Amino acid sequence: MNMFLYNTKTQRKEQFFPQDPSKVTMYVCGPTVYSYAHIGNARPAVIFDVLARLLRREFPSLVYVRNITDIDDKINAAAADQGVSIADITTTYTRAYHEDLEALGVLAPDVEPRVTNHIPQIIAMIEALLQAGNAYEEQHHVLFDVPSFIDYGELSHRKREDMLAGARVEVAPYKHDAADFVLWKPSSEELPGWDSPWGRGRPGWHIECSTMAEAHLGDTIDIHGGGHDLIFPHHENENAQSVCAHHGVPFCRYWVHNGLITVDGEKMAKSVGNILLVRDLLTQAPGEAIRLALLSAHYHGPLDWTEEGVLQARRSLDRLYQALRDMHDVPVVDSLQRDIPDTFLDCLRDDLNTPKALAVLFGLAHEAHTAVDKAQRSRIKNDLLAAGDLLGLLQQDPEVWFGGADAGLDTARIERLIEEREAARIAKDFETADRIRDMLLKQGVILEDVADGTRWRVAS
RNA sequence: GGCUGGGUGGCAGAGUGGUUAUGCAGCGGCCUGCAAAGCCGUGAACGUCGGUUCGAUUCCGUCCCCAGCCUCCA
């Protein structure tokens, strides 16, 4: 059970040893709910979902926390923009986030804390930082005193001097040091705020994750995940806060970051106008195909999102489901006792190498088409389903996959035409038979004549 | 300017100090009334320049290119 993860902090792949093997802890930065989830939000959700599934299998228990950030100036701006309440915005987009992730086969985390439910704890942590001498109050703000934390920059591998060189932000007058960041800031009348020892205000950006991690997982967590863009400043600051609030106790043992998504080779950004919403992608391809597309590249590297990539993912699933379809009458062992082959598990244990794991899946599909032995076929089907389940794939009925689920097809009509064609074939009227087949093909329905009759599928 | 990740065959994408995954696409064959699916076979790659080595795509260094971060973006 050797597991390895690339640790951003040490910049190398390390063997994973949880602090307490009986209870692994993982915290992943969730969304700020001010708009619909885009494909870049979906990538970490899917990746850490796979990691969570793997950890649950490899260790007796896992506590997986993925937060919802429901206090943020972008939320306030969206509310003002749309003329609705802040609660309306966060409720709407939290629900949308859940719907989108569910469509991608992402399981719910064990805990999904919200910032608004942790204000007292946030205030307590800020007080702890003030007491420890790592924070100061200035003009109704409370700021983290970066120079007071000697290890600052350790995670993102930056030196403070270097950071100042290219800084594109002006230093606020209430900061003692340019690198200091806000823990608490004052709220005006119309903005959401809570009473605190420093007046009515709201938390800064980073403190909520430190607080929620502490509240649900303790002082030291095993794995902290998120997008590559969060390494600095978010995680660097989170680490500084937590370590200082806990008097030097390490905050996180393994920092795991996923690469970012580009769209047709270009950065995905509002300014470029190429933000792809999960919601919109789901109208173009099944959620399972989008999930596979996200897992088809190693999590650590960049992923270029293209229509061709989604199409390839659909075809990959066609191939895998084709194998399952051919084994529709092959029995499998009870799902609770499913064994997953080590060849497959080892791929994931090695820094979550999903592309390599997928290759094992294709190998199984190939075996399925060549094996004749009954017991062997049963084993193959079992492996395919069990391994697929760990990736959150292949759990549909193949008929549903090939039926194009919501393609809005008249199934009865297709079946009738297939019967007509069959009659024509028996009568050796191949002209009619081919005409029917071509007609269906034009409508995106492909016919396959197999041993026990004619079956159909929707073209990818 | 600093920091980080990446540059592999037509495309996507793993991996390895020497016999070069996997999927899609291509080519030849089998199967089929013909197809489709599947099977069998097959061509094709490691950004640049150096170094280490018997041998490097794989290790080290240089350079080039791409992407991201550098205070509220997953």
Side-chain angles (χ1 to χ4, degrees), chain A residues 6 8 11 28-32 37-45 47-48 69 72-74 146 153 156-159 161-172 175 178-182 185 204-206 225-234 236-237 257-262 265-270 275 292-293 296-298 300-304 306 308-309 311-320 322-323 325-326 347 353-363 365-366 368-370 425 428-430 433-434 437-438 441 446-450 454-457 459-460:
Chain A
Y6 183 90
T8 302
Q11 296 174 288
V28 173
C29 287
T32 299
H38 55 67
I39 192 66
N41 299 114
R43 175 128 101 142
I47 284 164
F48 290 102
T69 295
D72 188 278
D73 288 351
K74 289 194 291 296
V146 168
S156 56
H157 307 102
R158 290 156 202 256
K159 298 189 188 78
E161 314 83 79
D162 297 339
M163 292 189 278
L164 299 175
R168 51 162 125 108
V169 147
E170 54 204 278
V171 180
K175 289 188 180 181
D180 293 350
F181 54 91
V182 172
K185 56 187 166 187
W205 177 32
H206 318 291
H228 211 268
D229 54 345
L230 293 182
I231 297 171
F232 189 88
H234 186 52
E236 189 68 58
N237 291 357
H257 293 98
N258 62 273
L260 302 191
I261 288 181
T262 52
E266 222 182 340
K267 159 184 183 161
M268 185 172 75
K270 280 209 190 85
I275 301 273
L292 178 60
S296 65
H298 187 91
H300 202 248
L303 174 62
D304 190 34
T306 62
E308 176 62 24
L311 190 60
Q312 286 214 12
R314 293 181 69 153
R315 293 199 172 135
S316 295
L317 282 168
D318 278 347
R319 171 137 176 100
L320 297 173
Q322 196 76 250
R325 192 181 211 183
D326 283 341
C347 298
N353 194 333
T354 52
K356 202 175 176 187
L358 285 168
V360 174
L361 243 37
F362 288 116
H366 184 255
H369 289 305
T370 48
R425 290 179 70 207
K428 304 255 187 246
D429 178 5
F430 296 122
D434 291 352
R437 188 172 62 196
D438 291 346
L441 181 62
I446 297 170
L447 298 190
E448 296 173 9
D449 296 328
V450 291
T454 298
R455 68 187 184 193
W456 60 277
R457 66 188 165 95
S460 285

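None of these values were measured; they are calculated from a predicted model. Residue numbers begin at 1 in each chain, while the letters A, B, ... track the order of the sequences.
- Qualifying side chain to side chain donor-acceptor pair (under 3.5 Å) partners for A/Asp304, counting only residues two or more places apart in sequence or in other chains: A/Thr262.
- Counting any heavy atom pair closer than 4.0 Å across all strands shown, A/Phe48 reaches no nucleic acid atom.
- Residue contacts for A/Gly226: at a heavy-atom cut-off of 4.0 Å it reaches the sugar-phosphate backbone alone, with no base atom in range.
- Nucleic acid contact for A/Gln322: sugar-phosphate only, since backbone atoms but no base atoms lie under 4.0 Å from a heavy atom of the residue.
- For a distance-only test at 3.5 Å, the side chain of A/Glu308 fails to qualify as a donor-acceptor partner of the base of B/C24.
- For A/His366 and B/C40, the shortest distance from a side-chain N or O to OP1 or OP2 is below 4.0 Å.
- Across A/Arg425 and A/Phe430, no two heavy atoms sit closer than the pair O-CE2, 4.0 Å.
- Partners of A/His300 according to the ring pair (Phe, Tyr, Trp, His ring centres under 6.0 Å) rule, which considers only residues two or more places apart in sequence or in another chain, are A/Tyr6.
- Across all strands shown, A/Thr370 has heavy atoms under 4.0 Å from sugar-phosphate atoms exclusively, and none from any base.
- Of the side-chain N and O atoms in A/Asn353, one or more sit less than 4.0 angstrom from OP1 or OP2 of B/G15.
- Residues satisfying the side chain to side chain donor-acceptor pair (under 3.5 Å) criterion with A/Asp180, sequence neighbours excluded, are A/Tyr136.
- Residue A/Phe181 is classed as a base contact, given a heavy-atom separation below 4.0 Å to a base.
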Exercise. If pairs are Watson-Crick or G-U with both distances under 3.5 Å, what is the dot-bracket string of RNA chain B, marking crossing pairs with [ ] and pairs to another strand with |?
Worked result: (((((((..(((.....[...))).(((((.......)))))....(.(((..]....))).))))))))....
For this session: Encode nucleotides 25-33 of chain B as B, S and - characters from 5' to 3', where the letter depends on protein heavy atoms closer than 4.0 Å: B to the base, S only to sugar-phosphate, - to neither.
Result: --------B
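- Residue order along RNA chain B, read from the 5' end via each residue's closest nucleotide, puts A/Ile446 first among A/Asp73 and A/Ile446.
- For A/Leu303 against A/Ala293, the heavy-atom pair with the smallest separation is CD2-O, 4.0 Å.
- Inter-residue side-chain proximity for A/Thr354 and A/Ile47 is flagged as unmet; no heavy-atom pair is nearer than 4.5 Å.
- Closest to the A/Trp205 side chain, of the nucleotides B/A74, B/G5, B/C72, is B/C72.
- The residue A/Leu260 sits close to a base: some heavy atom pair falls under 4.0 Å.
- With sequence neighbours excluded, the residues forming a ring pair (Phe, Tyr, Trp, His ring centres under 6.0 Å) with A/His257 are A/His235, listed by chain and number.
- Atom CZ of A/Arg315 and atom CD of A/Glu308 lie 7.0 Å apart (nearest 0.5 Å).
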